[in-house]
Number of protein chains: 2
Amino acid sequence: MREVAVAKLVVIGVGLIGGSFALDLRRAGAVREVVGVGRSADNLARALQLRVVDAASQDAAAAVADADLVLLATPVGQMDALLGGIAASLPRHAIVMDAGSTKRDVAALFRRHLADSLDRCIPAHPIAGSDLSGAAAARYSLYEGRKVVLCPLPETAPAVVERVSALWRICGADLVCLDAEQHDAVFAAVSHLPHLLAFGYMNTILARPDADTCLALAASGFRDFTRIAGGHPEMWRDIALANRDSLLRDLGAFRQQLDLLIGQLEAKDSDALAAAFATASQARQAWPPAR
Amino acid sequence: MREVAVAKLVVIGVGLIGGSFALDLRRAGAVREVVGVGRSADNLARALQLRVVDAASQDAAAAVADADLVLLATPVGQMDALLGGIAASLPRHAIVMDAGSTKRDVAALFRRHLADSLDRCIPAHPIAGSDLSGAAAARYSLYEGRKVVLCPLPETAPAVVERVSALWRICGADLVCLDAEQHDAVFAAVSHLPHLLAFGYMNTILARPDADTCLALAASGFRDFTRIAGGHPEMWRDIALANRDSLLRDLGAFRQQLDLLIGQLEAKDSDALAAAFATASQARQAWPPAR
């Protein structure tokens, strides 16, 4: 039998991300006890009923007092208050990992609240978001074949990186290490920018006098292009503000590409348009790259 | 048994769109003979082998000489030459329908080449594109529940609109009538604009020094947002140029929405960002509208 890697895992925010992590580790025998922490009693009751967690608490500070691993799986916007609330009761040996979509801001929060325990802090970003939330969204094998980005601080102990890497591997994840700056630059480009473009595009349609006809006749291209515009407004507001500098740089770069296309179309520059479309099309057809 | 509605259907361009139309009509007994016309002998041989067509020809003028219905299912860019080539041999009673993505330009081509037969001409746009092409892409029930937009000319005989409507209904299509101007305005907004944004977005990523890392870490949001960037470069070049004025207007409107978001992000206007995202998100979650 596999040695139990974690005696007590505390998941703060029992939803798709945190709940699925707990399910896989317990199925593998890699964790003895899972305690779920959250603000919603209903969601915690559901998590208990679905056996996503073994115990539940609305008191984060009490729950972490004898934790071996704490996973912060809440929106990043809640982490400042959460870390402030648990800092004093965290045992010295506990590892603290988050699962937020931005990493420089989380690294800064670890520095603010856990300055004496940075060797135990590991910012992480599992790339497995979806429109689902709440404990009922948790499922086995969510992370199978998915990328999980680890952004260790310079102070993070190598042994801590190894321990959490082993846990993510148990979940089937494909690990990538980046520093927080690289992470935020890459995810501004491949996630945050397209979300803003999709929001802006939807609002362009809604501003039209014939918006209803447009929405009635829109088909599969529209469906896929705008799927991410259905994202959670406050969550995306927080991400956009947290990654503001990278995102503004990328919005500027996109605007340049857009202005190029507008200029080519104004000039009826057939060859330039076909060449620009061909570059994009070839790259998209070659995606995803072979592993 | 259903009365045979069409004795001889000539499909010029035997691919997903034209081939699927022929398959459904023949299965329903609504057409006696289907003749496929194309430039590629290989594709015509495949169409015969798959029994998408009963006969094949590379000579459009000869094939249409005793046609009852001609479906132009080629890219719009080929229609000028095609209509010029078949005009003299089209029987007076034959209906001519296209299936192109833009409609003002097709209406103008009908006027140029078939000025004496406009009562028999019907611009149409079945909303059932996909990345597939060639006779092997043809399939039964492609049009089941899909929208087909008819854009009759002022001169198109009502009886012609009724006959082709009956055929599309046999295919299971949901018919919508618009004039060509409305059609082109709506499809600039819901199809042509997002294609240009997706092409421009892909090129923004490709221009980055960390493009490879970006493409390696991009996930499901990127996948869906960029799917249409894999479209055919020359086809989309032709569509963009054919619908240039509508598309430029919409690109300008999108740029205004983008500049709004950039301004809100620069000003760290949290409330305005959340409100803009919420408007988009609610509309996307309410899509598709109930029929």
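Bear in mind that the values here come from a model prediction, so they are computed numbers and not experimental data. Each chain gets a letter, A, B and so on, in the order its sequence line appears, and its residues count up from 1.
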Is it the backbone or the side chain of [X] that comes under 4.5 Å from a heavy atom of chain A, or both, or neither?
X: B/Ile228; result: side chain
X: B/Gln256; result: neither
X: B/Val186; result: both
X: B/Leu197; result: both
X: B/Leu178; result: side chain
X: B/Ile205; result: side chain
X: B/Leu265; result: both
X: B/Pro194; result: both
X: B/Ala207; result: side chain

Option that, when pairs with chain A are counted at under 4.5 Å, heavy atom only, ranks first among [options]:
options: B/Ala185, B/Gly221, B/Ala189; result: B/Ala189
options: B/Asp245, B/Leu261, B/Leu273, B/Leu241; result: B/Leu241
options: B/Val149, B/Leu217, B/Leu193, B/Leu251; result: B/Leu217
options: B/Gly252, B/Ala216, B/Ala211, B/Ala286; result: B/Ala216

field: ring pair (Phe, Tyr, Trp, His ring centres under 6.0 Å), paired with B/Phe222, selected from A/Trp287, A/Phe225, A/Phe187
entry: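 Going through the options one by one, the only one that passes is A/Trp287.
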Looking at [options], which makes the most heavy-atom pairs under 4.5 Å with chain B?
options: A/Asp238, A/Ile127, A/Leu260, A/Thr279; value: A/Thr279
options: A/Ser191, A/Ser270, A/Ala253, A/Ala274; value: A/Ser270
options: A/Asp224, A/Thr213, A/Leu247, A/Asp210; value: A/Asp224

Which heavy atom of [X] sits nearest to which heavy atom of [Y], and what is that distance?
X: A/Leu196; Y: B/Phe277; value: CD1-CZ, 3.7 Å
X: A/Met202; Y: B/Ala283; value: CE-CB, 3.7 Å
X: A/Gln285; Y: B/Gly230; value: NE2-O, 2.8 Å
X: B/Ala278; Y: A/Pro233; value: CA-CG, 3.5 Å

query: Under the side chain to side chain donor-acceptor pair (under 3.5 Å) test, which residues partner B/Arg255, sequence neighbours left out?
result: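 For B/Arg255 the side chain to side chain donor-acceptor pair (under 3.5 Å) partners, ignoring immediate neighbours, are A/Asp259.
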task: Verify side chain to side chain contact (heavy atoms under 4.5 Å, CB included) between B/Leu248 and A/Glu266, making sure each step is shown before the conclusion.
output: CA-CA 8 Å; B/Leu248 281 171; A/Glu266 280 172 342; 3.8 Å; yes
- request: Would you give the length of the straight line joining atom CZ of B/Phe199 to atom CG of A/Leu258, rounded to the nearest 0.5 angstrom?
  value: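 B/Phe199 atom CZ to A/Leu258 atom CG measures 13.5 Å (nearest 0.5 Å).
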Does the [X] side chain pair with the main chain of [Y], one donor and one acceptor, at a distance under 3.5 Å?
X: A/Ser281; Y: B/His232; answer: no
X: A/Arg284; Y: B/Thr226; answer: yes
X: A/Arg146; Y: B/Ala219; answer: no
X: B/Asn203; Y: A/Ala276; answer: yes
X: A/Arg227; Y: B/Ser220; answer: yes

- prompt: Any ion pair linking B/Asp250 and A/Arg208 (charged N to carboxylate O, less than 4.0 Å)?
  reply: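 Looking at B/Asp250 together with A/Arg208, the answer is yes, because their closest N to O distance falls below 4.0 Å.
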message: Listing request: all ring-ring contact (aromatic ring centres under 6.0 Å, His included) pairs with a residue in residues 239-260 of chain B, at least two apart in sequence or in separate chains.
response: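 Counting only pairs at least two positions apart or across chains, no ring-ring contact (aromatic ring centres under 6.0 Å, His included) contact touches residues 239-260 of chain B.
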field: Proximal component of A/Leu206, with respect to chain B [non-hydrogen, under 4.5 Å]
entry: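 Looking at A/Leu206, just its side chain touches chain B.
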Segment of A/Leu215 engaging chain B (4.5 angstrom heavy-atom cut-off):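 Contact with chain B is through both the backbone and side chain of A/Leu215.
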query: Would you say A/Pro289 and B/Asp212 make side-chain contact, with heavy atoms under 4.5 Å?
result: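 Not touching, per the 4.5 Å side-chain cut-off.
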query: Heavy-atom count around A/Arg39 CZ within 6.0 Å, excluding the residue itself: above 12?
result: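 Atom CZ in A/Arg39 is not crowded, with 12 or fewer foreign heavy atoms closer than 6.0 Å.
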